[in-house]
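For reference, the structure discussed in these notes is given below.
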2 protein chains.
Amino acid sequence: MPSKLFVSAQEVAEKAGVSRSAVSRTFTPGASVSADTRRRVLEAAEALGYHVNHLARGLMRNESGIVCLIVSDVATPYRSALLRELTIQLQNAGKVAMFVNTDRSDGSVDRALQQAIRYRADASIILSGLPDKSITQLCLRSGQRLVLINRDDDQPGPLKINLDDYESGGRIATAFVRAGCKRLAFANSEAGTPSLMGRERGFIAAATKLGLEVVVERYGSTGYEAGRVLAQRMLTRAERPDGVFCATDLLACGFMDAARHQFGLSIPDQLCVAGFDDIEQASWSSFNLTTFAQPVMAIATRAVKWLATGGHEDEPEEAHSVRLKAELIWRGSIRKG
Amino acid sequence: MPSKLFVSAQEVAEKAGVSRSAVSRTFTPGASVSADTRRRVLEAAEALGYHVNHLARGLMRNESGIVCLIVSDVATPYRSALLRELTIQLQNAGKVAMFVNTDRSDGSVDRALQQAIRYRADASIILSGLPDKSITQLCLRSGQRLVLINRDDDQPGPLKINLDDYESGGRIATAFVRAGCKRLAFANSEAGTPSLMGRERGFIAAATKLGLEVVVERYGSTGYEAGRVLAQRMLTRAERPDGVFCATDLLACGFMDAARHQFGLSIPDQLCVAGFDDIEQASWSSFNLTTFAQPVMAIATRAVKWLATGGHEDEPEEAHSVRLKAELIWRGSIRKG
DNA sequence: TTGCGGATTGCACGCAAGTGCAAGTCGATG
DNA sequence: CATCGACTTGCACTTGCGTGCAATCCGCAA
């Protein structure tokens, strides 16, 4: 129970000796107020510690300024980097970020979106999971904008930002072959998201075209521990792979650590490794990992710009789908060709 | 411009053939509604896709359900882990997290708090920086609760959660001495926050008592790169240290990487290292770092519980200050004593 | 049938803002 | 001095919701 409540425009008006409308107009850009009234209002507001109530303003304007970020595994390096960029850019665009965590349970994303609706978020950005069509439709009907990042989905309406996962898989396969690798492998998680599967398929397709087979293992999540397990499984094979593409950098870190410390392998001499995401740890000298950089900045910029300019429904559907390129960052985990 | 707006309680009422009050009461726990009306309202709401407008509800109840998290460097492993725990627990407590990024600029935290006030957040949790007293007072006067995490501050009112940084510094000094280290060093950042300085002072005090001097270097931020630079500075000294306590795990990771790959030192044989935070990377086999675990879960639990129960102003001031213990996690970067 | 108690319902008001409209102010011009 | 026009100002209504109060309904006992 707060003993004293927030200051209202009414109180400011009384202190400044003007009407409440004048206060309202003072804080509304473009409204008509004389310089004198404005000054008196601002002084009174400053003295009382008045701040416009965005809840009420949002109610009137039907525009809350809130953008809802729907994510799982926030503590993951790649996720947190993207989140950081998104929140900063949203802030610069005059929006405020609301956070909803999801887990792997069914309907988790749907509940998150309902939360967004309850707070009348102007938009929701979905980084994890995929909402049910009915909820998506409800959001769009309600005038809420939707951005799906790396979430392959074909519904019209939301802005979809994706990477060239398939092509990246192909590019890295070529790199392995140039480095003289003979036995390629792909280390994936069991998550089976479109991004991960795209990398896998692209890698296999390109390798096949180059005349090499690819051993594929899938295990666990996309994290470090799963990478270790995958290494244990793959490096004990009779035909030990000498070129491994890991679906994420975290998998690659776990894989490399196990390869070096458990199997005593030297990277890149005996084993070439590549990852995906370009998390900060990839550049650490313990890993020095060749990997694809998620264009985090570009993703955030596209998303926020689209939200800010308020792309219309009548714009062509192509404009709702963006494919960005993941840049290959050369480091030392693959031999020079 | 949304073509269609959100569904209002009025529309639901009309469709269900009841008054708007009935709709409102249906969604208010404990209110008096007959089972029949309730059912009809719920059906209509479901059909129309109605969700209570929390902006309006917050306006009425003077309780928005929003908790504002004020942070810088979100993408840092320790920060993102804490953030994850906080958001999840807030969510479980029926609150929703709002996110405000701060930078190092003056007044950045103050602006963040003003944002919290504008959205009538029930509380703000500050993880970075320290707000001006006047703003703090305004928040408290307005009935907003405040939690300061690892932010040494002596104002009454906010809940302050801190660690036993000083004592931890002492504990690790003892461990170094047991391991036979003769030349201790403390690698710190220039940030100079109370937590970092507490670790430094505690470490020096204990070492001095044990008859050892401590070389201290401070450089840059608390990140990996700063750790590398610190290693370069410290490991080129005539009297090379053989036991280094790094103020954070990231510093330690950078330090270890430089020590091994640039100076060819073997850890823990030639050099013992300890860190602080217990980020995920500390447990990776490349680092296997002995470190102090931030009780992330406990911190979040305390903060959220305090917010949920709504501790009163008339409770004793001691209840507003919590000191948690950082647990020493033994791994392989310090020799066994 | 009447009276009574309890549960349910609707009306109307309030929360804190934004805004159209009409009234008011002021200076300049004819 | 009257008239015009530009600029300000305040009134009143609106947004979506919660809730006190009074009215209504129902069942049951007298």
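Bear in mind the structure is a predicted one, so any value in this text is a computation, not a measurement.
Contact of A:R61 with C:dA17 (side chain to base): no donor-acceptor pair of N or O atoms is detected under 3.5 Å. Residue B:S8 places no side-chain atom within donor-acceptor reach of the base of D:dC17, judged by atom type and a 3.5 Å distance cut-off alone. Looking at B:R25, its side chain comes within 3.5 Å of the base of C:dG10 through a donor and an acceptor atom. A donor-acceptor contact under 3.5 Å is not formed by the side chain of B:S19 with the base of C:dC11.
The interatomic distance linking B:Q10 (CD) with D:dG18 (C1') rounds to 15 Å, in whole Å. The nearest whole Å value for the distance from the CZ atom in B:F6 to the P atom in D:dC17 is 11 Å. Atom CZ of A:R20 is separated from atom P of D:dC13 by 14 Å (rounded to the nearest Å). Going from atom CD of A:E63 over to atom P of D:dT15 covers 17 Å, rounded to whole Å. In this structure, CE of B:M60 is placed 4 Å from C1' of D:dG18, rounded to the nearest angstrom. D:dC17 atom P lies 12 Å from atom CZ of A:R118, rounded to whole Å.
When each of D:dT15, D:dC17, C:dG18 is scored by its nearest atom to the side-chain atoms of A:T28, the top-ranked nucleotide is C:dG18.
At least one side-chain heavy atom of B:S34 sits under 4.5 Å from a side-chain heavy atom of B:T37. In this structure, the side chains of B:T136 and B:P158 come closer than 4.5 Å at one or more pairs of heavy atoms. When side chains are defined from C-beta on, A:L83 counts as touching A:L127, because their heavy atoms get closer than 4.5 Å.
Residue A:S34 is classed as a sugar-phosphate contact, given heavy-atom separations below 4.0 Å to backbone atoms only. Counting non-hydrogen atoms under 4.0 angstrom, B:V23 reaches nothing in the nucleic acid. Here A:S21 lies in heavy-atom contact (under 4.0 Å) with a base.
Taking the six-membered ring for Trp and thresholds of 30 and 60 degrees, A:F99 and B:F99 have nearly parallel ring planes, at less than 30 degrees apart.
Residue B:R57 has no polar side-chain atom (N or O) positioned under 4.0 Å from OP1 or OP2 of D:dC17. Distances shorter than 4.0 Å separate some side-chain N or O of A:Y50 from OP1 or OP2 on C:dA17. Of the side-chain N and O atoms in B:S24, none sit less than 4.0 angstrom from OP1 or OP2 of D:dG16.
Comparing B:R38 and B:R120 along DNA chain C, the residue whose closest nucleotide (by nearest heavy atom) sits nearer the 5' end is B:R38. Sequence order on DNA chain D of the closest nucleotides to A:D36 and B:A56 puts A:D36 first from the 5' end.
A centroid separation of 6.0 Å or more is found between the aromatic rings of A:Y50 and A:F6.
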